[in-house]
*Asks:* 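Questions regarding the structure given below will be posed in turn.
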There are 2 protein chains.
Amino acid sequence: MAYSDDAGPDKLGATKVDLGDCGMAQAAMLLGDRWTLLVVREALYGVTRFDSMKTDLGLPRSVLSNRLKRLTDAGVLIKRPYREPGQRARHQYVLTPMGVDLALPLIALMQWGDKHIRKTAPAAAIVERRTGAPLMAGLAKSDGAPVELRNAQFRIG
Amino acid sequence: MAYSDDAGPDKLGATKVDLGDCGMAQAAMLLGDRWTLLVVREALYGVTRFDSMKTDLGLPRSVLSNRLKRLTDAGVLIKRPYREPGQRARHQYVLTPMGVDLALPLIALMQWGDKHIRKTAPAAAIVERRTGAPLMAGLAKSDGAPVELRNAQFRIG
DNA sequence: CAGTATCCCAAGCGATACTG
DNA sequence: CAGTATCGCTTGGGATACTG
């Protein structure tokens, strides 16, 4: 990372990774707008229905419709019919494996926001399913050993 | 998380966390637009100067100016003067501790994008500073023990 | 309930030009 | 280099109404 204490002037055009080659940039292009992240957040919370999302987020129907389409096209959500006993057929938007994997960046973002923006007790925590132990997003080596953020750096290429 | 295999219909209005109480929502409101995430990405890569960012990202000056202002107002960046020997004074945008902490969500996003969108070898990796060992974003308990995403869930309140 | 269709308007993008 | 100023224009947001 670039830290305040080692931040010299950069080299112009030194961005080592072209936008098209950068997963972060690709992700930002898919998710980077006012509503998309929040729609995915709904899905992570288990909200799967159009009107539920609309009510929760308070966004216009047309916008929600558009975002759901984008996300299904991208493979983050699938639209799936279902029928509750005695009810007529409905459908729901559920996360694909690709969508489920978005939980990690979004959890990290949530914990960042709780720490640096809200600064009060988090409204939602992530816990281990079986034990209820609180979980934090972090970096780890392939053997699982955790590594502090400040001991990490980019390696290009 | 909400998984495909346990995703029943949700309860209307069941979103347990109000947008104003959710760090993820707050973060999304700050970072959720076309360019802001990419500007932070530049800063993480160590690009600190206005024109470097403009060149790398190819966005209009006015937009970049606006984003840098937003991010400094939010406390993610600070604008700092410096002078190289024999040069006139310049300034640079460097990450605050709050900004540095954004590395984790963005790394997670990058790894997600590399895995699910680009699907080729990542252009940039995160490695441990001393050893060069590759790092991955993940969840861990407070004792550092890693936990799989699928063994995690939200706990509200 | 789950959308699509329409319309209007504001925000924001992108280009260009200008200033310290 | 590092911005601010201006401007035309498109995008997309928000309200409302309509359909299966």
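Chain naming here is simple, since letters A, B, ... match the order of the sequence lines and numbering starts at 1 in each.
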*Asks:* Is any side-chain heavy atom of B:Arg41 closer than 4.5 Å to a side-chain heavy atom of A:Leu19?
*Replies:* yes
*Asks:* Mind checking whether A:Thr36 and A:Leu30 have side chains closer than 4.5 Å, heavy atoms only?
*Replies:* no
*Asks:* Below 30° counts as parallel, above 60° as perpendicular, anything between as tilted: where do the rings of B:Trp112 and B:His116 land?
*Replies:* tilted
*Asks:* Indicate yes or no: does A:Asp114 engage A:Lys119 in a salt bridge with an N to O separation below 4.0 Å.
*Replies:*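 No.
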*Asks:* May I ask you to say whether A:Arg61 pairs ionically with A:Asp51, meaning some side-chain N is under 4.0 Å from a carboxylate O?
*Replies:*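 Salt bridge flag = yes for A:Asp51 with A:Arg61.
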*Asks:* Quick one, B:Leu95 and B:Leu77 - any side-chain contact, counting heavy atoms below 4.5 Å?
*Replies:* yes
*Asks:* Any side-chain heavy atom of A:Ile126 within less than 4.5 Å of one from A:Met110?
*Replies:* yes
*Asks:* Hey, is the side chain of B:Tyr93 poking within less than 4.0 Å of OP1 or OP2 on D:dC1, counting only N and O atoms?
*Replies:*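 Result: no.
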*Asks:* For DNA chain D, which residues in residues 67-76 of chain A have a heavy atom at a distance below 4.0 Å?
*Replies:* A:Arg67
*Asks:* If I take atom CZ in residue B:Phe50 and atom P in nucleotide C:dT19, what distance separates them, rounded to the nearest angstrom?
*Replies:* 17 Å
*Asks:* I need the B:Leu104 CG to A:Met136 CE distance, nearest 0.5 Å.
*Replies:*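 Rounded to the nearest 0.5 Å, the CG-CE separation comes out at 8.5 Å.
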*Asks:* Hey, what are the protein-to-nucleotides 14-17 of chain C N/O distances that come in under 3.5 Å?
*Replies:*
unit_1 : atom_1 : unit_2  : atom_2 : d
C:dG14 : OP1    : B:Arg34 : NH1    : 3.3
C:dG14 : OP1    : B:Arg34 : NH2    : 2.8
C:dG14 : OP2    : B:Trp35 : NE1    : 3.4

*Asks:* Could you tell me how far apart B:Leu77 (CG) and D:dG3 (P) are, to the nearest whole angstrom?
*Replies:*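 It works out to 12 Å between those atoms.
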*Asks:* Choose from D:dG3, D:dT4, C:dG3 the nucleotide whose nearest atom is closest to any side-chain atom of B:Ser65.
*Replies:* D:dT4
*Asks:* Is the phosphate of C:dG3, meaning OP1 or OP2, less than 4.0 Å from a side-chain N or O of A:His91?
*Replies:*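 Yes, A:His91 has a side-chain N/O under 4.0 Å of OP1/OP2 on C:dG3.
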*Asks:* Counting side-chain heavy atoms from C-beta on, which of D:dA2, D:dG3, C:dC1 comes nearest to B:Lys79?
*Replies:*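 From the listed options, D:dG3 comes nearest.
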*Asks:* Nearest whole angstrom, please: distance from the C1' of C:dT19 to the CG of B:Asp51.
*Replies:*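 Those two atoms, CG and C1', are 14 Å apart.
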*Asks:* Let me know the distance between CG of B:Leu64 and P of D:dG3, rounded to the nearest Å.
*Replies:* 8 Å
*Asks:* Do NZ/NE/NH1/NH2 and the carboxylate oxygens of A:Asp33 and B:Arg34 come within less than 4.0 Å?
*Replies:* no
*Asks:* Using five base pairs at each end, measure the axis-to-axis angle across the helix from C:dC1-D:dG20 to C:dG20-D:dC1 and round it to 10 degrees.
*Replies:* 40°
*Asks:* For B:Lys54 and D:dC1, give me the distance from atom NZ to atom P, rounded to whole Å.
*Replies:* 13 Å
*Asks:* Is the shortest side-chain N/O distance from A:Arg90 to OP1 or OP2 of C:dA2 below 4.0 Å?
*Replies:*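 No, no such contact exists.
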*Asks:* Calculate the interatomic distance between B:Leu57 atom CG and C:dC13 atom P; express it in whole Å.
*Replies:*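 So the CG-P distance, B:Leu57 to C:dC13, works out to 13 Å.
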*Asks:* Of the options B:Arg49, B:Lys79, B:Arg80, which is the one that meets B:His91 in a side-chain contact (heavy atoms from CB on, under 4.5 Å)?
*Replies:* B:Lys79
